[in-house]
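Take a look at the structure set out below.
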Amino acid sequence: MNLSFFDQFSSPHMLGIPLIMLSLLFPALLFPSPNNRWINNRLSTLQTWLLHLITKQLMVPLNKNGHKWAMMLTSLMIMLLTINLLGLLPYTFTPTTQLSMNMALAFPLWLATLLTGLRNQPSASLAHLLPEGTPTPLIPALILIETTSLLIRPLALGVRLTANLTAGHLLIQLISTASIALVPTLPVVSALTMIVLLLLTILEVAVAMIQAYVFVLLLSLYLQENI
């Protein structure tokens, strides 16, 4: 029983071929391709409005030099948002519950922001490791603490996204299993459990959107520190 709860997090295979790449590329097929028409349908209009809203929210904390990252950050936000929401559908696989994938997204982007700062303003980037006005005896300890906090940023990004989505999926499966098991013996309790399951599902939809936004927003804040 305990092992079956975690089967949903294993990467699906068909004929020995992992299908995780298919689950990553499939969400892109749901968005209509842009065109040059003056009048678009409602879906294209909604897509354009959503892209403008996400780009505006992500670019607010950045100065003009950081606007070069707009396409990358917006594309990452759309990808994470779509994958997280599609993963809530029954009999689907959520790639963002895999720590390896989240680390593969977080580490290169964090490293790119760090190298950007070291190339453009090395003195200011290194100054973040030592707060101004630090007493002399505390300088070595603070440098070690700030360096450690800097290096664990990509780990925190990946673990935060993985833990929140994994916990939500496990709770949904546990409550749904309990509600089905209680139908023959305690139908009233089972109905109450299904109401709780519905509320939890709504909460998980919000968590899926918030976690995608937080992941990209933190990357944009790391970028702002280095430009």
Determine whether [X] and [Y] fall in the same hydrophobic cluster, where Ile, Leu, Val, Met, Phe, Trp and Tyr are linked whenever their side-chain heavy atoms lie under 4.5 Å apart.
{"X": "V216", "Y": "L111", "result": "yes"}
{"X": "F93", "Y": "V207", "result": "no"}
{"X": "M77", "Y": "L217", "result": "yes"}
{"X": "Y213", "Y": "M59", "result": "yes"}
{"X": "L51", "Y": "L58", "result": "yes"}

Non-hydrogen atoms of [X] and [Y] that approach each other most closely:
{"X": "A208", "Y": "L88", "answer": "CB-CD1, 4.4 Å"}
{"X": "V183", "Y": "M194", "answer": "CG2-CE, 4.3 Å"}
{"X": "N226", "Y": "Q121", "answer": "C-NE2, 3.3 Å"}
{"X": "T94", "Y": "I83", "answer": "CG2-O, 4.1 Å"}
{"X": "P184", "Y": "I180", "answer": "CD-O, 3.8 Å"}
{"X": "T55", "Y": "A70", "answer": "CG2-CB, 4.3 Å"}

With distance as the sole test, does [X] use its side chain to make a donor-acceptor pair with the main-chain N or O of [Y] at under 3.5 Å?
{"X": "Q224", "Y": "N63", "result": "yes"}
{"X": "S190", "Y": "S179", "result": "yes"}
{"X": "T162", "Y": "V159", "result": "no"}
{"X": "T82", "Y": "I78", "result": "yes"}

Query - Worked check of side-chain contact (heavy atoms from CB on, under 4.5 Å) between N120 and T116 - result: CA-CA 6 Å; N120 296 335; T116 300; 3.4 Å; yes
Distance from [X] atom [atom1] to [Y] atom [atom2], nearest 0.5 Å?
{"X": "L174", "Y": "L197", "atom1": "CG", "atom2": "CG", "value": "11.0 Å"}
{"X": "L199", "Y": "E204", "atom1": "CG", "atom2": "CD", "value": "12.0 Å"}
{"X": "Q173", "Y": "L171", "atom1": "CD", "atom2": "CG", "value": "10.5 Å"}
{"X": "N102", "Y": "R160", "atom1": "CG", "atom2": "CZ", "value": "11.5 Å"}
{"X": "L157", "Y": "L219", "atom1": "CG", "atom2": "CG", "value": "5.5 Å"}
{"X": "N65", "Y": "H67", "atom1": "CG", "atom2": "NE2", "value": "9.0 Å"}

Query - Qualifying residue, where the test is side-chain contact (heavy atoms from CB on, under 4.5 Å) with W110 and the options are L151, L105, L115, L218 - result: L151
Query raised in the report: Take atom NE2 in H52; do more than 12 heavy atoms of anything else shown fall under 6.0 Å from it?
Result: no
Requested in this report: Would you please test N84 and T96 for side chain to side chain donor-acceptor pair (under 3.5 Å) and show each step?
Outcome: CA-CA 7 Å; N84 292 350; T96 45; 2.7 Å; yes
Report task. Run the numbers on T74 and W69 for side-chain contact (heavy atoms from CB on, under 4.5 Å), then give the verdict. Result -> CA-CA 8 Å; T74 304; W69 293 61; over 6 Å; no
Report task. State, with a plain yes or no, whether a side-chain heavy atom of L62 is found less than 4.5 Å away from one of L221. Result -> no
Report task. Could you walk me through whether L76 and L109 pass side-chain contact (heavy atoms from CB on, under 4.5 Å), step by step? Result -> CA-CA 10 Å; L76 179 62; L109 292 173; 3.5 Å; yes
